[in-house]
Protein chains: 2
Amino acid sequence: MDRLLTNIAKHISLTEEETVLLTSLVTSKNLAKKTLLLEANQDCRYLSYVDSGALRSYFIDKDGKESTIMFAIADWWITDMYCYLNKKPAMMHIETIEQSTVFQLSRDNFDRLLETVPKFEKFFRILMQNAYTREQLRVMENLSLTAEERYHSFLMKYPQIVKQVTQKQIASYLGITPEFLSTLRKVKG
Amino acid sequence: MDRLLTNIAKHISLTEEETVLLTSLVTSKNLAKKTLLLEANQDCRYLSYVDSGALRSYFIDKDGKESTIMFAIADWWITDMYCYLNKKPAMMHIETIEQSTVFQLSRDNFDRLLETVPKFEKFFRILMQNAYTREQLRVMENLSLTAEERYHSFLMKYPQIVKQVTQKQIASYLGITPEFLSTLRKVKG
DNA sequence: CGAATTTCTTAAGGTACCTTAATTTTTTAT
DNA sequence: ATAAAAAATTAAGGTACCTTAAGAAATTCG
């Protein structure tokens, strides 16, 4: 659980005791490639920290089209945040892209952790803050950039993710068809 | 400052003393219509709570095109969050749409408040959490809905904002031209 | 290893939305 | 109240990106 503890230590320092509590509230899961961690309409019970591997969340619209909401590789957190926090049926699916290990915090343990160790309010404040500003930047890019520019921005911003996912998945994150991404790539790198 | 205190009381309870501290850290501003509260490239020093009126944040892309990032009417918070938190030059402009009153928390006072009254970590955790899930939903709509569907979703979601802003501003929030929004409105409601 | 499946590519025709520009309507300011 | 400015409408022509379809390349899995 070293990587997880280092992730947390970037923002708050835990005592021995608090570290023990945290590890007792978290469970680890080893998942084969293409395993569904969450399905739409289910109760989204877990917030997951990716220790190794790669996952993606996506949703399926009324026409059956898939859109990737986010990728999560090592050291990222992933869940259907709105539904996790508000106990609503999930809007998203979450699946492993490759064999992965995750540490999961159930909603009950999340509440317990925040009550018992208020320091974690700061940790999650920063986590949410980063997630918010990242999404806002994505909205800004969606509003102002062409598909080609968004693709290049993605390559620059997430070079590690690019190595772990297919072009089809990148296209569905960018909001374009894989066919169109393919023609973009043909013209210039 | 009643409305602001009620906004905070929805998530945390403050003692008399904490309330006094908060009010001492916040300054109020009365702003005429079309006043710029923040300009791109400036230091974004304030987080603003809208007591009355209406504001919008927008950015100008390389082609000179304006995109509205958010509207903030009474009881909303607004800033260029990424630049406020990370002390980067602002990417956005923020201006009043109508005569408005805001309460502002400077970055220094924000830090002081969080250190002095850790309870505020919870308040801002929830604020960031809501902002994050709202932006994520917007990304999902941008990826899956047509311009017309996004327009109707906006009308449903923000009926009060609709009354306070122009169609041109709504178009720039939706990522379409005002001309195209106009033709959408002609066909059906 | 070989068969099945999935991904990637290519291309032709189509559509959602854009650009430009001119007119009308509404709002602002003196 | 009136002039000036900004917003909204309409329309014609254009483009970024989509749909469909079929073949080639890569990956998965027995």
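Just so it is clear, the structure is predicted and the values come from calculations on it, not from any experiment. Convention: sequence-line order gives letters A, B, ...; per-chain numbering from 1. FYI, side chains are in, hydrogens and waters are out, and symmetry mates aren't considered; it's all heavy atoms of this structure.
- With sequence neighbours excluded, no residue satisfies side-chain contact (heavy atoms from CB on, under 4.5 Å) with B:P118.
- Contacts of B:T177 with the nucleic acid, taken as non-hydrogen atoms under 4.0 Å apart, include base atoms.
- The salt bridge (charged side-chain N to carboxylate O under 4.0 Å, His left out) check on B:K62 picks up A:E149, with sequence neighbours excluded.
- Applying the side chain to side chain donor-acceptor pair (under 3.5 Å) rule to B:Y49 yields the partners B:D75; only residues at least two apart in sequence or on another chain are considered.
- Considering only residues two or more places apart in sequence or on other chains, A:L5 meets the side-chain contact (heavy atoms from CB on, under 4.5 Å) condition with A:T19, A:L22.
- Remark: A:D43 engages A:R107 in a salt bridge (charged side-chain N to carboxylate O under 4.0 Å, His left out) (not counting sequence neighbours).
- Under a cutoff of 6.0 Å and an axis angle of 45°, A:K122 and B:F120 do not form a cation-pi pair.
- Spacing between atom CZ of A:R185 and atom P of C:dC8 amounts to 8 Å, rounded to whole angstrom units.
- From the 5' end on, the contacts that DNA chain D makes with chain A at under 4.0 Å to a non-hydrogen atom open and close at D:dC17 to D:dT28.
- Atom CD1 in A:I176 sits roughly 14 Å away from atom C1' in C:dT9 (whole-Å rounding).
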What's touching nucleotides 22-30 of chain C from the protein side, N or O pairs under 3.5 Å?
{"from": "C:dT28", "atom 1": "OP1", "to": "B:K33", "atom 2": "NZ", "distance (Å)": "2.2"}

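- Applying the salt bridge (charged side-chain N to carboxylate O under 4.0 Å, His left out) criterion to A:R125, with sequence neighbours excluded, gives B:E121.
- Taking the side-chain contact (heavy atoms from CB on, under 4.5 Å) definition, one finds that A:K65 meets it with A:D61, A:S67, sequence neighbours left out.
- The terminal axes of the helix from C:dC1-D:dG30 to C:dT30-D:dA1, fitted over 5 pairs per end, subtend an angle of 70° to the nearest 10°.
- Note on A:S182: a base of the nucleic acid sits closer than 4.0 angstrom, heavy atoms only.
- Between A:Q167 and the phosphate of C:dT9, there is a side-chain N or O to OP1/OP2 separation shorter than 4.0 Å.
- By the salt bridge (charged side-chain N to carboxylate O under 4.0 Å, His left out) test, A:R3 is found to be paired with A:D51, residues two or more places apart in sequence or in another chain being considered.
- Among residues at least two apart or in separate chains, ring pair (Phe, Tyr, Trp, His ring centres under 6.0 Å) pairs with a member in residues 161-184 of chain B are B:F71-B:Y173, B:F154-B:Y173.
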